[in-house]
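One structure is given here, and the rest of the page talks about it.
If you read the sequence from its start, that first residue is 1, and numbering goes on from there.
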Amino acid sequence: MSKDNGQSRHEKLIIIGSGPAGYTAAIYAARAELKPLMFSGIQPGGQLMITTDVENYPGYPEGVMGPVMMEDFRKQAERFGTRIIYENIEKVELEGHPKKLWAGDGQMYTADAVIIATGAVAKWLGLPAEQKYANKGVSACAVCDGFFFKGKEVVLVGGGDTAAEEALYLAKLCPTVHMLIRRDEMRASKIMQKRVMSNENIKIYWNTEAIDITGEDKVEKVIAKNKQTGEIIEIPASAFFVAIGHKPSTDIFKGQLNMDEQGYIQLAQPGTTNTNIEGVFVSGDAADRVYRQAVTAAGTGCMAALDAERWLAAHEAAETLEA
């Protein structure tokens with residue numbers, strides 16, 4: 001494939017974002033001798049860098065700290081020749097060939113193929129206590145962290161399908177899940193509402209919002225307020241789960257890649273990582289609004305690298321035939 005002769009630096013494959021998806025894509029791509037260049041972003045390792053114990057990722061029987069696991073991923077990717085630049089990509093032009101990308105330092109790069117692994121971030125309520133008790137009982141992933149609070153009472157905020165699913169999951173582990181819903185109805189589907197309301201381990205608080213979290217060095221109590229009556233409610237709890245959605249980190253691709261209404265990048269063909277633009281592939285939570293787990297992100301990172309490798313090989317073969 002032809003290279004850009006301007007001031008840009010040309011690469012065969014650029015990976016935008018790190019985390020399980022980006023690092024796994026890098027491992028596979030590097031072993032295929034694609035010499036990938038990764039832009040890790042301002043938080044190398046993604047959401048797992050702010051996660052303490054990870055007990056549900058295969059290969060770590062005793063569990064592992066999130067940052068330690070990401071360091072293992074990074075070392076493995078670099079072992080096979082992945083180069084990592086600790087910058088954000090601020091702007092892209094993905095149509096046509098080559099793909100054009102601008103880093104935060106102003107340097108322009110071009111690439112034959114691009115893998116997007118920018119992930120998603122949890123939405124929070126904006127309470128100062130959410131940061132104070134991060135990894136001390138405050139979580140945005142019940143499936144990830146619920147097990148640590150087995151047998152204890154917990155609070156969950158949210159009224160959509162994700163909140164309903166997480167409440168039902170927690171109800172299998174906890175004697176009482178105190179579910180705070182801001183309105184007088186849930187946004188979840190009717191079948192999910194029925195399941196939540198018929199579960200004796202879930203206590204619903206309508207028209208109620210959390211206003212504070214207290215405790216010595218961990219979550220011990222959630223302070224809530226009924227929006228209609230003004231009543232202040234104190235709920236003893238060991239954990240505070242926020243389930244009000246996630247925001248995919250895909251803003252720089254808007255107007256170029258097909259997305260759903262929430263900003264998740266849509267796949268051009270099911271069972272692939274192809275986007276609507278040839279030579280651009282997506283992996284991990286940037287396209288996954290359902291599972292959002294490290295292991296599923298890693299799986300799609302592998303898929304993206306294999307899809308990119310095959311696409312590059314096919315196009316290089318076509319160019320050879322044309323020459």
Side-chain angles (χ1 to χ4, degrees), residues 1-6 8-41 73-85 89 92-103 107-119 250 252-253 256-259 264-288 295-323:
M1 291 186 170
S2 60
K3 295 188 178 184
D4 185 281
N5 293 318
S8 62
R9 290 171 50 183
H10 186 81
E11 303 289 339
K12 180 173 283 191
L13 173 65
I14 287 179
I15 299 170
I16 308 174
S18 45
Y23 282 135
T24 304
I27 290 166
Y28 274 79
R31 292 184 76 250
E33 299 186 350
L34 297 180
K35 300 180 174 62
L37 177 66
M38 170 187 281
F39 285 88
S40 69
F73 275 47
R74 181 191 64 77
K75 288 177 180 176
Q76 191 171 359
E78 290 186 324
R79 174 190 167 200
F80 295 111
T82 299
R83 294 156 295 141
I84 301 175
I85 294 179
I89 290 295
V92 296
E93 289 181 9
L94 300 176
E95 288 281 5
H97 175 77
K99 316 301 179 189
K100 297 177 182 178
L101 307 90
W102 286 265
Q107 174 67 48
M108 176 183 169
Y109 295 80
T110 60
D112 296 328
V114 172
I115 293 175
I116 296 167
T118 48
T250 57
I252 63 169
F253 310 114
Q256 299 182 59
L257 297 179
N258 291 343
M259 301 179 185
Y264 288 95
I265 296 172
Q266 295 179 317
L267 301 177
Q269 295 92 26
T272 75
T273 61
N274 300 345
T275 69
N276 58 293
I277 297 180
E278 277 206 26
V280 179
F281 308 89
V282 62
S283 61
D285 291 7
D288 178 12
V295 69
T296 51
T300 57
C302 163
M303 292 168 62
L306 294 175
D307 287 344
E309 179 189 2
R310 292 165 183 160
W311 185 85
L312 286 164
H315 282 73
E316 286 171 353
E319 286 191 355
T320 300
L321 289 173
E322 290 174 4

Stepwise side-chain contact (heavy atoms from CB on, under 4.5 Å) check, V280 with K99: CA-CA 9 Å; V280 179; K99 316 301 179 189; 4.0 Å; yes

Between [atom1] of [X] and [atom2] of [Y], what distance do you get to the nearest 0.5 Å?
X    : Y    : atom1 : atom2 : result
Y264 : T250 : OH    : OG1   : 9.0 Å
F73  : T82  : CZ    : OG1   : 13.0 Å
E316 : W311 : CD    : CH2   : 9.0 Å
L94  : I252 : CG    : CD1   : 8.0 Å
R74  : Q76  : CZ    : CD    : 12.0 Å
I89  : Y109 : CD1   : OH    : 7.5 Å

Locate the shortest heavy-atom distance separating [X] from [Y]; write the atom from each residue and the value.
X    : Y    : result
T118 : A286 : OG1-CB, 3.8 Å
S18  : M38  : CB-SD, 3.9 Å
I84  : S40  : CG2-CB, 3.9 Å
A305 : A29  : CB-N, 3.9 Å

Result of checking I14, L312, L34, L13 against D112 for side-chain contact (heavy atoms from CB on, under 4.5 Å):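 Between D112 and the candidates, side-chain contact (heavy atoms from CB on, under 4.5 Å) is satisfied uniquely by L312.
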
Note, L37 side chain near I85 side chain (heavy atom, < 4.5 Å):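 Yes, close enough: below the 4.5 Å cut-off.
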
Heavy-atom check, side chain of I116 versus side chain of I265, under 4.5 Å: yes

Do [X] and [Y] get their side chains close enough for a donor-acceptor pair, meaning under 3.5 Å?
X    : Y    : result
T273 : D307 : yes
N258 : Q266 : no
E278 : H315 : yes

Counting N and O atoms only, with roles assigned by atom type, does the side chain of [X] sit under 3.5 Å from a partner on the main chain of [Y], one being a donor and the other an acceptor?
X    : Y    : result
S283 : T300 : no
N276 : Q256 : yes
T24  : G301 : no

R83/E11 ion pair, N-O < 4.0 Å: yes

Within a 6.0 Å radius of atom [atom1] on [X], are there more than 12 heavy atoms belonging to other residues, nucleotides or ligands?
X    : atom1 : value
Q107 : CD    : yes
K12  : NZ    : no
R79  : CZ    : no

CA sep, side-chain torsions, deciding dist, call: I115, V282, side-chain contact (heavy atoms from CB on, under 4.5 Å): CA-CA 6 Å; I115 293 175; V282 62; over 6 Å; no

Pair F80 + Y28: ring centers closer than 6.0 Å: no

Stepwise side-chain contact (heavy atoms from CB on, under 4.5 Å) check, F281 with N274: CA-CA 5 Å; F281 308 89; N274 300 345; 3.2 Å; yes

Reference residue T110; test side-chain hydrogen bond (donor to acceptor under 3.5 Å, both in side chains); the match among K100, R9, H10: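 Going through the options one by one, the only one that passes is H10.
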
